[in-house]
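In what follows, residues are counted from 1 in the order of the sequence shown. Atom set for the values below is all heavy atoms of this structure, side chains included, hydrogens, waters and symmetry mates excluded.
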Amino acid sequence: MTDNNDETIVALATPNGIGAIAVIRLSGRDAITIANSVWKGKDLTQQASHTIHFGHIVDGDLILDEVLASLFVAPRSYTRENVVEISCHASGYIIESIIKLFMKKGARSAKPGEFTLRAFLNGQLDLSQAEAVADLIASNSKASQQVALQQLRGGFSTQLQTLREQLVNFASLIELELDFAEEDVEFANRDQLKQLIHDITRIVGRLIQSFELGNAIKQGVNTVIAGRPNAGKSTLLNALLNEERAIVSHIPGTTRDTIEEVLNIQGINFRLIDTAGIREATDAIEQIGVQRTMEKISQSALLIYVFDAELITLNELRTDLDSLLTPGVAMLMVANKMDLLTGEAAKMESIDQFFRTSGLPDYQTTFISAKEKLHIDDLKNKIYSTAIKDQLTGDETLVTNIRHLEALQKTEEALLRVLGGIDGSITSDFLSMDIKQALHYLGEITGAVTTDDLLENIFSKFCIGK
Ligand code: GDP
């Protein structure tokens, strides 16, 4: 994606539609002169950066709107180019007229993410920071907003930059050895190199591990609620969401299709999927529902298995466990209708005993009453702690981007080859190649190494005007 910085770009930066105010953004060498050429008010080309001016946008004698113009003179702007932001009245007609007028005067309409692309190309942001801009815009919970902000502010970039610099130092020493190949010297102390690679591999490994949490924060945790018909799944869903959402009914098997709702627990979004139940299907529609349940479970991170604590038998529990247990999907047992079990301590004990001895690694049985809203908060805490094993401290660097994860994994592979190489007393030229590979992949994350395809891929997903 080669960019022509001579061109001045224009786009609406606020959402389409009627509103109090819309912001139209111009960026490029001629941004200020273009704005000034359709401006009635103070001469914009003579004003200081970071000032706001009241005036009119005019097409010849015709006044299009009364607006405010915010000036950012290069390089003190988001794109590091001249930028003018026009705050006009948000009528579709006015917006379109002003943008067309700017285009008539030489601006062209911006491609998705082009302002941020320019910010990257002009060195204002590195690539992972540019991606954080998109994440920040898409953030929908406190945790996802915090992680994106941390990345935007360069926490991740600084960490990678330090790793790269250390590697670059060693790579250059090894290069030097190549120049003196005949003389069999070692400028790069192998023990030190080994220690360094160990340290870097450990940090890279930690970043790779953080993806599970980072991804949960960014995308939400897919959570399936499954169980026999009438176990109380819909009632539980409502209790969790604290409002009447799913249709609750007395007829077994009426929650035919899956319903998705988002529950926020301590800043993490859980995408709750209520399902059609796991009873053996008696008709075709139900059959599809059961299949879907199993499919949904396999695509989830967490399964909340709800059963009727009063009616269920231990045999039925065993059958359900056998059919629901899915590798890689954490499972939470929820014994519902505990209000009907008052005085039946024996039943509760036998259920608890069953799970304790069922050979499950991390069994968790929570007794609740969905209808009476008993122990719902306790269940929410368990949902959180089952899905989110690492606690959030707020300032850690988390990998949230699959592209970064893949680059880190490739970095790790290259680093392990370097370690193997040192142990196997491999020659400097091979060591040098593997170190360069590691550097390459680290550089892909921050954009020190890019290709047009990569940039195209990243920025085309942005909205226009960003
Ligand atoms: P689903 O088929 O699993 O979705 O079950 P529903 O949520 O539709 O509930 C089936 C029936 O059990 C309804 O009549 C609910 O009112 C009732 N129910 C659900 N939870 C409880 C509970 O905690 N206690 C009692 N007593 N009844 C409940």
Side-chain angles (χ1 to χ4, degrees), residues 135 138-148 208-228 231-243 245-246 255-278 288-307 320-321 323-334 336 360-364 366 368 370 376 379-392 398-406 461:
D135 290 348
S139 68
N140 54 9
S141 65
K142 183 175 173 204
S144 59
Q145 175 258 356
Q146 285 291 315
V147 175
I208 291 173
Q209 266 180 8
S210 78
F211 180 76
E212 196 183 345
L213 177 58
N215 194 50
I217 287 174
K218 187 165 150 185
Q219 313 284 0
V221 181
N222 281 348
T223 306
V224 167
I225 303 181
R228 294 173 179 247
K233 299 180 295 298
S234 311
T235 314
L236 173 61
L237 187 69
N238 290 337
L240 286 171
L241 295 166
N242 219 358
E243 57 188 65
R245 211 46 91 63
T255 318
R256 281 277 159 78
D257 211 340
T258 54
I259 299 172
E260 230 183 271
E261 299 277 0
V262 177
L263 170 70
N264 190 293
I265 307 176
Q266 296 173 45
I268 305 279
N269 282 341
F270 289 84
R271 314 170 65 81
L272 296 180
I273 302 151
D274 185 15
T275 62
I278 48 163
I288 294 167
V290 173
Q291 257 177 25
R292 251 185 231 165
T293 302
M294 299 317 291
E295 249 167 56
K296 292 275 175 188
I297 291 173
S298 64
Q299 293 159 6
S300 294
L302 180 63
L303 166 63
I304 301 177
Y305 165 54
V306 186
F307 56 91
D320 288 358
L321 264 192
S323 65
L324 289 176
L325 265 180
T326 312
V329 183
M331 195 166 168
L332 202 56
M333 318 302 170
V334 178
N336 189 31
L360 294 174
D362 287 319
Y363 91 93
Q364 290 260 24
T366 313
I368 64 157
I376 299 299
L379 178 60
K380 282 187 183 175
N381 289 337
K382 287 210 172 118
I383 291 175
Y384 183 91
S385 60
T386 308
I388 310 294
K389 293 188 188 71
D390 309 300
Q391 285 303 309
L392 272 173
L398 296 180
V399 177
T400 59
N401 185 311
I402 190 97
R403 187 183 80 79
H404 300 171
L405 175 70
E406 284 167 2
K461 295 193 186 96

**Study point:** CG-CD distance between L398 and Q209, expressed to the nearest 0.5 angstrom
**Key:** 12.0 Å
Revision key, fill the gap. Taken in chain and number order and not counting sequence neighbours, the residues that satisfy side-chain contact (heavy atoms from CB on, under 4.5 Å) with N215 are F211, Q219
Review point. Is there a side-chain contact between I304 and T223 (heavy atoms, below 4.5 Å)?
Key: yes
Revision key, fill the gap. Tightest non-hydrogen contact, residues Y384 and F270, listed as CA-CZ, 3.9 Å
Review point. Ignoring hydrogens and geometry, is there a side-chain-to-backbone donor-acceptor pair from S298 to K296 under 3.5 Å?
Key: no
Review point. How long is the gap from CD1 on I388 to CD1 on I217, to the nearest 0.5 Å?
Key: 6.5 Å
Exercise for review: Evaluate the side-chain proximity of L379 to L332: yes if any heavy-atom separation is below 4.5 Å, no if none is.
Suggested key: yes
Practice item. Not counting sequence neighbours, which residues clear side-chain contact (heavy atoms from CB on, under 4.5 Å) with A148? List them please. Key: D135, L136
Point to revise | Listed partners of N381 passing side chain to side chain donor-acceptor pair (under 3.5 Å), at least two apart | key: none
Practice item. For I297 and A226, work out which heavy atoms get closest and say how close. Key: CD1-CB, 4.4 Å
Review point. How close do L240 and L263 get, heavy atom to heavy atom, and via which atoms?
Key: O-CD1, 3.3 Å
**Study point:** V262 vs L272 side-chain heavy atoms within contact, under 4.5 Å
**Key:** no
Practice item. Find out whether I208 and V399 are in side-chain contact, i.e. whether some heavy atom of one side chain is under 4.5 Å from a heavy atom of the other. Key: no
Exercise for review: Please report the closest heavy-atom contact between K380 and I265, naming both atoms and the distance.
Suggested key: O-CD1, 3.6 Å
Check your understanding: S141: what forms a side chain to side chain donor-acceptor pair (under 3.5 Å) with it, not counting sequence neighbours?
Key -> S144
Point to revise | For the student: nearest non-hydrogen atoms of A370 and I376, plus distance | key: CA-CD1, 4.4 Å
Point to revise | V329 vs L302, side-chain contact (heavy atoms from CB on, under 4.5 Å): CA-CA, chis, key distance, verdict | key: CA-CA 5 Å; V329 183; L302 180 63; 5.7 Å; no
**Study point:** L303 side, atom CG; N222 side, atom CG - distance, nearest 0.5 Å
**Key:** 12.0 Å
**Study point:** Nearest-0.5 Å distance, CE of residue M333 to OG1 of residue T386
**Key:** 10.0 Å
Point to revise | Results of side-chain contact (heavy atoms from CB on, under 4.5 Å) for A231 - residues two or more places apart only | key: V306
Exercise for review: May I ask you to test the R228-D320 pair for a side-chain heavy-atom distance under 4.5 Å?
Suggested key: yes
Point to revise | I368 side chain near L236 side chain, heavy-atom distance below 4.5 Å | key: yes
Revision key, fill the gap. Value for CZ (R271) from OG (S300), rounded to nearest 0.5 Å, stands at 10.5 Å
Practice item. Could you tell me which residues satisfy side-chain contact (heavy atoms from CB on, under 4.5 Å) with L325, sequence neighbours excluded, listed by chain and number? Key: L321, M331, L360
